[in-house]
Protein chains: 2
Amino acid sequence: MQATTPPTAGRPRSDLNATVFAATLRSVRELGYAGATMDRIATAAGVAKTTLYRRWPSKGALIADCLLDAFGPVPLTGADRGEVVASAIRWIAAKISAPGAGAAFAGVFSDAINDPSLREILSKRFQEPYRVAVQDALGEPDDRVLLLIDVVTGTLLHRMGMTGEPMADADVEAMIDMVLRTFG
Amino acid sequence: MQATTPPTAGRPRSDLNATVFAATLRSVRELGYAGATMDRIATAAGVAKTTLYRRWPSKGALIADCLLDAFGPVPLTGADRGEVVASAIRWIAAKISAPGAGAAFAGVFSDAINDPSLREILSKRFQEPYRVAVQDALGEPDDRVLLLIDVVTGTLLHRMGMTGEPMADADVEAMIDMVLRTFG
DNA sequence: ACCATTACGCTACTGCGAGTAGCGCAATTA
DNA sequence: TAATTGCGCTACTCGCAGTAGCGTAATGGT
């Protein structure tokens, strides 16, 4: 999300990302996605709203970056393929179940429906790295990996959207069983 | 969505649902979910905006009702369980792929994230009838059927949200293969 | 020391869409 | 004929995303 040309002269940017990300997640957790307005996030971070817009082009982009920072890389460990897939699914399920994170994810995702530039960010900056990592680990063709990601993430988000709550562990395990019959 | 007490006196409601639903789907198809404002839908239907709000409590509720009308019941036919599941999945995939319908569905779904009353409508009026129908046809326990619905619908919507396009037939078939290993 | 340059905070705005209020009129039933 | 309810219309309120412009702080270059 940083500018293409990092400037050499002038006042350097202060270290605000950590503060802003923390305030963003806290706001979404307490107020929901729609309730976490840019004004509130700015206030919660002790920062001017205009500063947010100097760094991120939109609310969706800010929250996407925030999630990217909060999630980090997928762990792809396990004795065999099945365990690799299962542990990766448990990891993303846990990330989405973290308070605030699920609502934030679903919110960004929904904004992306009406904002192609945000969809670009989401698919290129978010999905793509995970797809490459999984593909390297599993050696599946890319369309299969994309389907795998659609199934896992889509299922978790759909449950979240319908019930307002993250998916229970038992259902996560049922989904893993199902996926493993194909990708295990 | 109609009032709990259909009144006996006074001017009866005119037959506007078909006109409004058609105008709604057309607006979403041409302008996207966010672009299809209540003002535009009203104008396109040749109806006052206040009339829309007399019948539906929110934009999301209107579009949910519109989709309910456009989708109709799931066909649950087929020689064996596998064919029943496969044809049902192809049916919902086709419905979501219809121009406008996918964007409308995804839009309502995203509004529901921040609107519990809309979530209620979506899960009770939309998901529940389909769940019951599938459950009767397959004889699976309800949590399994709910998972099946989450997987199928979630996957289709996730693909739609990430790419802006409905899922290609080949991928739908791949998803069917995968699901049938568990539910076939 | 002194620019030029860039960042930050602040106040004040624009634009737009969801949802509402109240009026006059139309179409029913009792 | 009176009461009641629906419709169209105009005109709002409210809230949020995003923007403009100013004064000031912090840096590098000369």
Side-chain angles (χ1 to χ4, degrees), chain A residues 1-20 23-24 27-28 31-64 107-108 110-118 121, chain B residues 1-20 23-24 27-28 31-64 107-108 110-118 121:
Chain A
M1 207 67 42
Q2 61 186 343
T4 49
T5 309
T8 160
R11 173 175 173 172
R13 290 197 158 173
S14 15
D15 237 21
L16 297 177
N17 278 25
T19 314
V20 170
T24 302
S27 299
V28 173
L31 306 164
Y33 185 80
T37 67
M38 289 297 261
D39 272 301
R40 283 193 226 253
I41 293 174
T43 304
V47 149
K49 185 170 66 156
T50 45
T51 298
L52 298 182
Y53 280 104
R54 256 180 232 114
R55 296 173 178 229
W56 294 277
S58 68
K59 173 179 172 178
L62 162 61
I63 300 197
V108 175
S110 67
D111 275 8
I113 292 165
N114 296 298
D115 184 349
S117 71
L118 183 55
I121 291 175
Chain B
M1 209 70 42
Q2 59 187 347
T4 48
T5 310
T8 162
R11 173 175 175 172
R13 290 196 158 173
S14 13
D15 236 22
L16 296 178
N17 279 23
T19 315
V20 170
T24 302
S27 299
V28 173
L31 306 164
Y33 185 80
T37 67
M38 290 297 260
D39 273 302
R40 281 193 226 255
I41 292 174
T43 304
V47 150
K49 184 170 68 156
T50 43
T51 298
L52 297 183
Y53 281 104
R54 256 180 232 112
R55 295 171 177 230
W56 293 276
S58 68
K59 173 179 173 178
L62 162 60
I63 300 196
V108 175
S110 66
D111 275 8
I113 293 164
N114 296 298
D115 184 349
S117 70
L118 184 54
I121 291 175

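- The listed nucleotides are D:dC9, D:dG6, D:dG18; the one nearest the side chain of B:Thr50 is D:dC9.
- Remark: P of C:dA18 and NZ of B:Lys59 are 5 Å apart, rounded to the nearest angstrom.
- No N or O donor and acceptor, one from the side chain of A:Arg13 and one from the base of C:dA7, sit under 3.5 Å apart.
- With hydrogens and angles ignored, no donor-acceptor pair closer than 3.5 Å exists between the side chain of B:Lys49 and the base of D:dG8.
- Comparing A:Arg54 and A:Met38 along DNA chain D, the residue whose closest nucleotide (by nearest heavy atom) sits nearer the 5' end is A:Met38.
- Summarising the geometry, the separation between CH2 on B:Trp56 and C1' on D:dG6 is reported as 13 Å, rounded to the nearest angstrom.
- Taking 4.0 angstrom as the limit, A:Ser14 places none of its side-chain polar atoms (N or O) nearer than this to OP1 or OP2 of D:dA26.
- Across all their heavy atoms, A:Ala36 and A:Lys59 have their closest contact at O-NZ, 3.2 Å.
- With hydrogens and angles ignored, no donor-acceptor pair under 3.5 angstrom links the side chain of B:Thr37 to the base of C:dC16.
- Residue contacts shown for B:Gly60 are absent, as no nucleic acid heavy atom lies under 4.0 Å away.
- Rounding to the nearest 0.5 Å places CD1 of B:Ile63 at 12.0 Å from CD1 of B:Ile121.
- Atom C1' of nucleotide D:dG6 and atom CZ of B:Arg55 are separated by 8 Å, given to the nearest angstrom.
- As rounded to whole Å, 17 Å separates atom P of C:dG15 from atom CG of B:Asp39.
- Using a 4.5 Å heavy-atom threshold, the side chains of B:Thr37 and B:Leu31 count as separate.
- The CG atom of A:Asn114 sits 11 Å away from the P atom of C:dA18 (whole-angstrom rounding).
- Spacing between atom CD1 of B:Ile41 and atom C1' of D:dG8 amounts to 18 Å, rounded to whole angstrom units.
- Nearest to the side chain of B:Arg40, among C:dG17, C:dC8, C:dT28, sits C:dG17.
- Rounded to a whole Å, the OH atom of B:Tyr53 is 13 Å from the C1' atom of D:dT13.
- Atoms CG (A:Asp111) and P (D:dA17) sit 9 Å apart, rounded to a whole Å.
- Across all strands shown, B:Gly35 has no heavy atoms under 4.0 Å from either base or sugar-phosphate atoms.
- Taking each heavy atom of A:Leu16 and A:Arg55 in turn, the nearest pair found is CD1-NH2, 3.7 Å.
- Between the A:Asn114 side chain and the B:Ala34 main chain, a donor and an acceptor come within less than 3.5 Å of each other.
- Close to D:dT24, at under 4.0 Å from its OP1 or OP2, lies no side-chain N or O of A:Arg11.
- You'll find that the side chain of B:Thr51 is closest to D:dG8, out of D:dG8, C:dT11, C:dG19.
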